[in-house]
**Student:** 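Dropping a structure here in structure tokens format, bear with me for questions.
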Amino acid sequence: TDDRIQIFLDGTYTTITDSTPNSSSLNYFDVTPSATLSDDDYSVIVKIVDDAGNTSDVSGSLSFTIDTDAPSKPGTPDLGSVYDTGNSVTDNLTNLGTGSDNLEFTVGSVTAGDSARLKFGSTIVGRDKVGSGNSSVNFTINNQTQGDYNVTAIAYDPAGNNSTTSEILSITIDTDSPGKPTIDLKASSDLGQSNNDDNTSDQTPTLTFGNLTVADSIIIYNSGVRIQAEEVDAATMNIDLTTALADGSLTLSVKAVDPAGNASTVSNNLIITIDSSAPAAPNQPDLKDESDTGFSVTDNNTSSTTPT
């Protein structure tokens with residue numbers, strides 16, 4: 001235990017400020033060089049000198065790198081367009097990511113060989129290494145709860161230095177479907193014998209929709225074929241059809257879709273009959289013979305004040 005340790009950095013003897021046994025048998029020691037080392041690559045060898053001045057053979061060489069430079073701030077995480085199920089592929093609204101269905105994010109402005117971490121709020125949800133020759137990294141995320149999240153990224157280099165946090169991407173995960181909407185033929189477009197018999201001559205009738213949520217969309221169907229879509233601005237809406245419907249018995253229905261892409265169940269069917277063909281012109285009226293009291297039964301002269 002009275003032996004001395006000599007440490008050489010890149011072949012140059014270096015004094016040490018501390019030597020601490022690292023085992024009860026004193027076979028291993030932690031040593032700290034007295035000089036502060038700068039960022040660089042180093043090769044270390046060690047010799048042991050005993051009390052009599054005998055020097056051991058040189059140890060094997062340890063190569064290590066000191067790097068105190070932090071990586072650059074990574075780019076703002078981006079939600080992949082195919083995973084953005086909202087009204088547009090850039091609104092960062094989605095109904096994915098809560099179960100086994102995945103979300104994928106891309107983080108750019110990173111360095112090959114570094115690693116990156118993706119965070120939802122303060123929770124790390126993904127870790128990955130930047131591949132050789134790449135400047136971006138992808139994260140596949142699932143099993144999250146629905147809600148609003150601030151998504152950020154941090155880069156780490158091989159020495160353990162971390163970047164500053166990226167800019168925030170705000171996303172919403174929403175898996176709740178809208179309520180089932182209702183559909184009816186508006187009374188002013190119901191031109192049959194009563195205003196609720198669903199008979200009309202109007203080929204672009206006005207329909208009334210209920211149980212709606214503002215900012216959702218509704219899709220109108222004729223026999224299961226989409227014919228029109230509208231954005232919802234009230235709980236109940238009257239909407240004019242923009243495409244003329246054919247005459248006949250028609251089965252209309254509607255479903256609602258929220259901004260995250262969740263769809264309601266389809267409404268109950270509304271069956272209407274459209275008949276836009278005018279009846280044939282009737283025959284010319286004729287004064288009945290017994291009411292034609294003139295000189296002949298065809299001169300259309302009568303003394304009756306209630307003729308037939």
Side-chain angles (χ1 to χ4, degrees), residues 85-88 91 93 95 174 176-294 296-308:
T85 60
N87 292 328
S88 78
D91 59 12
L93 299 174
N95 57 20
D174 174 11
D176 291 334
S177 298
K180 178 180 175 180
T182 62
I183 181 173
D184 192 22
L185 182 63
K186 190 178 180 183
S188 59
S189 285
D190 195 325
L191 305 178
Q193 294 181 357
S194 71
N195 62 9
N196 60 6
D197 62 6
D198 296 328
N199 291 318
T200 184
S201 60
D202 186 354
Q203 291 184 292
T204 54
T206 301
L207 303 176
T208 299
F209 301 93
N211 196 33
L212 306 179
T213 300
V214 174
D216 286 356
S217 299
I218 57 171
I219 304 174
I220 307 168
Y221 297 90
N222 177 13
S223 297
V225 178
R226 174 176 170 155
I227 58 173
Q228 192 166 326
E230 299 286 343
E231 186 173 343
V232 176
D233 59 15
T236 300
M237 294 179 65
N238 294 315
I239 297 176
D240 298 328
L241 295 185
T242 56
T243 301
L245 299 175
D247 283 10
S249 178
L250 305 176
T251 301
L252 304 180
S253 59
V254 63
K255 72 177 179 182
V257 180
D258 71 14
N262 301 295
S264 71
T265 54
V266 179
S267 70
N268 294 336
N269 289 332
L270 168 67
I271 299 176
I272 67 172
T273 298
I274 296 179
D275 180 4
S276 62
S277 298
N283 294 330
Q284 177 180 328
D286 185 39
L287 187 62
K288 198 171 183 180
D289 287 355
E290 53 265 32
S291 289
D292 193 330
T293 57
S296 75
V297 295
T298 59
D299 61 8
N300 297 323
N301 291 316
T302 183
S303 59
S304 175
T305 56
T306 57
T308 302

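Nothing fancy with the numbering, it's 1 onward along the sequence. This structure is a prediction, so every number in the text was calculated from the model and none was measured.
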**Student:** Hydrogens and angles aside, do Asn268 and Lys180 bring a side-chain donor and acceptor to less than 3.5 Å of each other?
**Tutor:**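 Note: Asn268 and Lys180 side chains meet the donor-acceptor criterion.
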**Student:** Check whether Thr251 reaches the backbone of Ser223 with its side chain - one donor and one acceptor, N or O, closer than 3.5 Å.
**Tutor:** no
**Student:** For Asp198, run the side chain to side chain contact (heavy atoms under 4.5 Å, CB included) check against Thr273, Ile274, Ile271, Leu270 and tell me which one passes.
**Tutor:**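 Only one option passes, and that is Leu270.
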**Student:** How far apart are the closest heavy atoms of Thr265 and Lys255, and which atoms are they?
**Tutor:**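 Of all heavy-atom pairs spanning Thr265 and Lys255, the closest is O-CB, 4.2 Å.
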**Student:** Would you say Thr208 and Asn238 are linked by a side-chain donor-acceptor pair, where the criterion is simply a distance under 3.5 Å?
**Tutor:**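 There is such a pair (donor and acceptor under 3.5 Å, judged by atom type) between the side chains of Asn238 and Thr208.
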**Student:** How many angstroms lie between CG in Asp184 and CG in Asp190, if you round to the nearest 0.5 Å?
**Tutor:** 8.0 Å
**Student:** For Ser194 and Asn196, test the side chains for any donor-to-acceptor distance below 3.5 angstrom and give the result as yes or no.
**Tutor:**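 On atom types as modelled, these side chains qualify, holding a pair under 3.5 Å.
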**Student:** Which heavy atom of Thr200 sits nearest a heavy atom of Asp202, and at what distance?
**Tutor:** OG1-N, 3.0 Å
**Student:** Does one side chain, of Ser201 or Asp275, offer a donor that lies under 3.5 Å from an acceptor on the other?
**Tutor:** no
**Student:** Using only heavy-atom distances, determine whether the side chains of Asn87 and Glu231 contain a donor-acceptor pair under 3.5 Å.
**Tutor:** no
**Student:** Show, in sequence, the C-alpha distance, side-chain angles and deciding distance for Ile183 and Leu252, and conclude whether the side-chain contact (heavy atoms from CB on, under 4.5 Å) test is met.
**Tutor:** CA-CA 8 Å; Ile183 181 173; Leu252 304 180; 4.0 Å; yes
**Student:** Is it the case that the side chain of Thr213 and the backbone of Asp216 share a donor-acceptor pair, with hydrogens and angles ignored and the cut-off at 3.5 Å?
**Tutor:**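 Between the backbone of Asp216 and the side chain of Thr213 there is no qualifying donor-acceptor contact (under 3.5 Å).
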**Student:** Is a donor on one side and an acceptor on the other found under 3.5 Å between the side chain of Asp197 and the backbone of Gln193?
**Tutor:**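 Yes.
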**Student:** Could you grab the distance from atom CG of Asp299 to atom OG1 of Thr293, nearest 0.5 Å is fine?
**Tutor:** 8.0 Å
**Student:** Just do the side-chain contact (heavy atoms from CB on, under 4.5 Å) check on Asp174 and Asn95 with the steps written out, would you?
**Tutor:** CA-CA 5 Å; Asp174 174 11; Asn95 57 20; 5.9 Å; no
**Student:** First locate atom CG of Leu185, then atom CG of Asn199, and finally report the distance between them rounded to the nearest 0.5 Å.
**Tutor:**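 CG of Asn199 is found 9.0 Å from CG of Leu185.
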**Student:** Roughly how far apart are Asn195 CG and Leu191 CG, rounded to 0.5 Å?
**Tutor:**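 Separation between the atoms: 10.0 Å.
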**Student:** Answer yes or no: is there a donor N or O on one side and an acceptor on the other, between the side chain of Thr302 and the main chain of Ser291, under 3.5 Å?
**Tutor:**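 Between the backbone of Ser291 and the side chain of Thr302 there is a qualifying donor-acceptor contact (under 3.5 Å).
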**Student:** Locate the shortest heavy-atom distance separating Ser253 from Asn269; write the atom from each residue and the value.
**Tutor:**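 Heavy atoms of Ser253 and Asn269 come nearest at CB-OD1, 3.8 Å.
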**Student:** Between Leu250 and Asn222, is there a side-chain heavy-atom distance shorter than 4.5 Å?
**Tutor:** yes
**Student:** In terms of side-chain heavy atoms, does Asp258 have a donor or acceptor partner in Asn262 at a distance below 3.5 Å?
**Tutor:**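 Yes, a side-chain donor-acceptor pair sits under 3.5 Å.
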**Student:** Over all heavy atoms of both residues, which pair between Pro178 and Ser264 is shortest? Give the atoms and the distance, please.
**Tutor:** O-CB, 3.4 Å
**Student:** I would like to know whether Lys186 and Leu207 meet side-chain contact (heavy atoms from CB on, under 4.5 Å); could you show each step before the answer?
**Tutor:** CA-CA 5 Å; Lys186 190 178 180 183; Leu207 303 176; over 6 Å; no
**Student:** I'd like to check Ile218 versus Ile239 (side-chain heavy atoms, cut-off strictly below 4.5 Å). Are they in contact?
**Tutor:** yes
**Student:** Could you report the tightest heavy-atom contact between Pro181 and Leu212, atom names first, then the distance?
**Tutor:** CB-CD2, 3.9 Å
**Student:** Please give me the minimum heavy-atom distance between Ala234 and Met237, naming the atom from each residue.
**Tutor:** O-CG, 3.8 Å
**Student:** Evaluate the criterion side-chain hydrogen bond (donor to acceptor under 3.5 Å, both in side chains) for residue pair Thr243 and Gln228; output intermediate values, then yes/no.
**Tutor:** CA-CA 8 Å; Thr243 301; Gln228 192 166 326; 5.6 Å; no
**Student:** Do the side chain of Ser267 and the main chain of Val254 share a donor and acceptor less than 3.5 angstrom apart?
**Tutor:** yes
**Student:** Does a donor on one side chain sit under 3.5 Å from an acceptor on the other, for Thr298 and Ser296?
**Tutor:**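 Yes, because at least one side-chain N or O of Thr298 sits under 3.5 Å from a partner of the opposite role on Ser296.
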**Student:** Run the side-chain contact (heavy atoms from CB on, under 4.5 Å) test on Phe209 and Glu230 for me, step by step, so that the C-alpha distance in whole Å, both residues' side-chain angles and the decisive distance to 0.1 Å come before the verdict.
**Tutor:** CA-CA 11 Å; Phe209 301 93; Glu230 299 286 343; over 6 Å; no
